[in-house]
Amino acid sequence: MKRVAMYPGSFDPITNGHVDIIDRGLKAFDEIVVVVATNPRKQESKSSLFSIDERVALIQDVFKDEPRIRVDISTGLIMDYARDNGICAVLRGLRAAGDFENEFMMASMNRGLNPEVDTFFMVTGHDWFFISSSILKEVFQFGGSVAEYVPPAVLEALEKKRS
Ligand code: ADP
């Protein structure tokens, strides 16, 4: 049986930090579904730059040569998505200490909702521990270069937004 994990997040936009987690996750799972999930704390806020459809298209573009990656959208509970889509695990990335508390609460809550699906954490790659979509958006909006931190397709999309 295929081991299919989901990697949920806002991905506004996908960064090299996310790509690193996905690439390494593919060593542990047969397939990964990257799920652009609406985050009630972030989604409707002014800080969102790309629409959900744009985010999905960017992730699909980044992984166009990787048949083991699928991209989807979820507006509900992650655990409902997992149950309905044959998902065996949730993949999450951990950066510095700041991520831990929130991730710990979310993983515990999710396990309460569905004990069959566990959360797997991967520690961020050395080069990306300080990268978040929000900080990149901030730097970019003030005219800074983020070329090192995002895949080329994302950089192009960011530049289109600027012009
Ligand atoms: P959220 O919307 O939950 O804050 P994001 O969309 O930013 O999450 O990211 C989804 C997942 O990717 C989360 O588990 C987050 O911790 C992880 N992640 C984000 N940026 C990085 C990075 N630079 N290195 C490793 N993991 C990351």
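Position 1 is the first residue of the sequence, and the numbers go up from there. When a ligand or atom number is given, it counts from 1 through the structure's own listing order.
Remark: side-chain polar atoms of E54 are paired, donor with acceptor, to backbone N or O of S51 under 3.5 angstrom. In this structure, the side chain of R68 engages the main chain of L26 through a donor-acceptor pair within 3.5 Å.
Cation-pi geometry between R92 and F120 is not met at under 6.0 angstrom from the ring centre and within 45 degrees of the axis.
The residue from M122, R92, H18, M106 that puts a heavy atom closest to atom 5 (P) of ligand 1 is H18.
Contact annotation for D99 and ligand 1: only side-chain heavy atoms (C-beta onward) come within less than 4.0 Å of the ligand.
Inclusion of W128 in the set of residues having an N or O under 3.5 Å from an N or O of ligand 1 is warranted. Polar contact check, S10 against ligand 1: a nitrogen or oxygen pair lies under 3.5 Å apart. When only interatomic distances are considered, the shortest N/O to N/O separation between G9 and ligand 1 does not fall below 3.5 Å.
Note on ligand 1: E103 sits in its first shell, one or more heavy atoms being nearer than 4.0 Å. Residue contact annotation: Y7 has a non-hydrogen atom under 4.0 Å from ligand 1. The closest approach between a heavy atom of P8 and any atom of ligand 1 is below 4.0 Å.
Within ligand 1, the atoms closer than 4.0 Å to a non-hydrogen atom of F11 are 6 (O), numbered from 1 in the order shown. Residue contact check: T124 has heavy atoms under 4.0 Å from atoms 22 (C), 24 (N), 25 (C) of ligand 1.
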Legend entry - Criterion salt bridge (charged side-chain N to carboxylate O under 4.0 Å, His left out) on D12 and R55, from CA distance to verdict: CA-CA 6 Å; D12 182 31; R55 296 178 212 176; 3.5 Å; yes

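V4 and G86 get closest at one heavy-atom pair: CB-O, 4.1 Å. Residues G25 and L91 come closest through the heavy atom pair CA-CD2, 4.1 Å.
Looking only at atom types and distance, the side chain of D127 has no donor-acceptor partner in the side chain of Y149 under 3.5 Å away.
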